[in-house]
Amino acid sequence: MSAVSPLARLDGVLHHLGLAPPQPPADVASADERGEILAGLLQPQAALSPKYFYDQRGSELFEAITRLPEYYPTRTERALLRRHGHAIAQAVGPARVVIEPGAGNCDKARDLCALVRATHFVGVDISADYLRDAIARLRVALPGLHARAVGADITRGVHLPPDVPGARRLVFYPGSSIGNFDPPQALALLRHMRELALDDGGLLIGFDLPKDVAVLEAAYDDAAGVTAAFNRNALAHVNRLVGSDFVPAQWRHRAFFNPHASRIEMHLEAAGPQRVRWPGGGRDFAAGERIHTENSYKYPLPDFTALLHEAGFTRTQAWTDDRGWFAMVHAQA
């Protein structure tokens, strides 16, 4: 009997998780995006922003990651919301408008909107097609909710439609995505969220707490290889955006905890010498050379609360799970 290839095994895992084989759409970068991508690839330590994980395929792969046994953040946060939902709703008060940057599949927003009796929901995501499908499902689940999609890159600022009500806004940022940003970038994003909330609103945000290194590293390097596929998919996305010729299969997934920075790092490592070209340029990578694709910072609760105050939020209230693995904080504007 012939051996089953790693790619075939991964296809089986994805089929079990309800994902079809990839069918990448046509995609072209704006001038600003192209400049950002190429500048990152040409740095001495090559890097790509984690936002380039999230084309249609990347969004689907991430949803699959959230259902893996090693990936604790999603189920831990969901359990936290179930356990403390009424206390969170009492702290938040009646939120007329829920705004979710990086909304993804909107599953958590569905539960929150019902909990706080929101009348309006605005989902914002860089993967616009994936978001529109999610908003359509949300409208079916909550027919009384006025839900809409805004395709936007939250790192470049979000401009809401002018008819979105300004009173009692709640910005909702679950899932520990804030950890993907270096602390100065996280502070800038939190300040923007403070602007979106306006003066009588607030922020409800989830973030990952420090914990055992073995637990952390397994969550970002699962046995089935779904996170590896997610990481390599960024190269396929970049190929479409800038016309490069990366061969994703020639790059190894690497994920490890950096204790000095209190963060997980994800990289793509060249399996052998790589000559990558794009219109107008290119770069040669030596075997073992890496492209840094993501950080995921793990904040102690007092440190993150201090960051919220620095961003302009006032009173804060926090909830954690029983193990102290994850936290959710409500911060008033």
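By convention here, the first residue in the shown sequence is residue 1. In this text the structure is predicted, and so the values were computed from the model without any measurement. Hydrogens, waters and symmetry mates are skipped; everything else that's a heavy atom, side chains included, is used.
Taking the charged nitrogens against the carboxylate oxygens, E289 and R283 do have a contact shorter than 4.0 Å, which makes a salt bridge. R156 has a carboxylate O that lies under 4.0 Å from a charged side-chain N of E36, or vice versa, which qualifies the two as a salt bridge. The pair D199-R194 meets the salt-bridge criterion, since a charged nitrogen lies less than 4.0 angstrom from a carboxylate oxygen. Of the charged side-chain nitrogens involved, at least one lies within less than 4.0 Å of a carboxylate oxygen, so that R132 and D129 count as a salt-bridged pair. Salt-bridge formation is detected for the pair R67/E63: a Lys NZ or Arg NE/NH1/NH2 atom is positioned less than 4.0 Å from an Asp or Glu carboxylate oxygen. With respect to the salt-bridge test (charged N to carboxylate O, under 4.0 angstrom), the residues D107 and R137 do not qualify. Of the charged side-chain nitrogens involved, none lies within less than 4.0 Å of a carboxylate oxygen, so that R254 and E265 do not count as a salt-bridged pair. The pair K51-D125 fails the salt-bridge criterion, with no side-chain N (NZ, NE, NH1 or NH2) lying under 4.0 Å from an Asp/Glu carboxylate O.
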Quiz item: Is there a salt bridge (Lys or Arg N to Asp or Glu O under 4.0 Å) between R277 and D284 once you walk through the steps?
Solution: CA-CA 8 Å; R277 294 293 177 262; D284 292 342; 3.3 Å; yes
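At least one donor-acceptor pair closer than 3.5 Å links the side chain of D153 to the backbone N or O of T155. In this structure, the side chain of T314 engages the main chain of Q332 through a donor-acceptor pair within 3.5 Å. Q317 places no side-chain N or O within donor-acceptor distance of the main-chain N or O of H330, the cut-off being under 3.5 Å.
Here F230 and F53 bring their ring centres to under 6.0 angstrom of each other.
Y173 is listed as a side-chain neighbour of M193, based on a closest heavy-atom distance under 4.5 Å.
N180 and Y297 form no side-chain donor-acceptor contact under 3.5 Å, judged by distance and modelled atom types alone. Under 3.5 Å, the side chains of D321 and T76 contain no donor-acceptor pair of N or O atoms. In this model, no donor atom of one side chain and acceptor atom of the other lie less than 3.5 Å apart for D55 and H237. For the residue pair Y220 and S296, a side-chain donor N or O sits within less than 3.5 Å of a side-chain acceptor on the partner.
Residues satisfying the ring-ring contact (aromatic ring centres under 6.0 Å, His included) test with F246, not counting sequence neighbours, are W251. With sequence neighbours excluded, the residues satisfying side-chain contact (heavy atoms from CB on, under 4.5 Å) with I37 are L41, L48, Y52, V238, L241, V242. Checked against ring-ring contact (aromatic ring centres under 6.0 Å, His included), H309 has no partners two or more places apart in sequence or in another chain. Taking the ring-ring contact (aromatic ring centres under 6.0 Å, His included) definition, one finds that Y299 meets it with F304, sequence neighbours left out. The ring-ring contact (aromatic ring centres under 6.0 Å, His included) test applied to H267 returns F256, H292, not counting sequence neighbours.
The only option from R252, H253, E294 that meets the side chain to side chain contact (heavy atoms under 4.5 Å, CB included) definition with N231 turns out to be H253.
Placement of M328 and L307 in two distinct hydrophobic clusters is found when ILVMFWY residues are connected by side-chain heavy-atom separations under 4.5 Å, directly or transitively.
Closest approach of W319 and A91 over heavy atoms only: CH2-CB, 3.8 Å.
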Would you mind writing out the side-chain donor-acceptor pairs for residues 202-209 within the sub-3.5 Å range, not counting sequence neighbours?
{"residue": "D208", "atom": "OD1", "partner": "Y72", "partner atom": "OH", "Å": "3.4"}
{"residue": "D208", "atom": "OD1", "partner": "K211", "partner atom": "NZ", "Å": "2.7"}
{"residue": "D208", "atom": "OD2", "partner": "Y72", "partner atom": "OH", "Å": "2.5"}
{"residue": "D208", "atom": "OD2", "partner": "K298", "partner atom": "NZ", "Å": "2.8"}

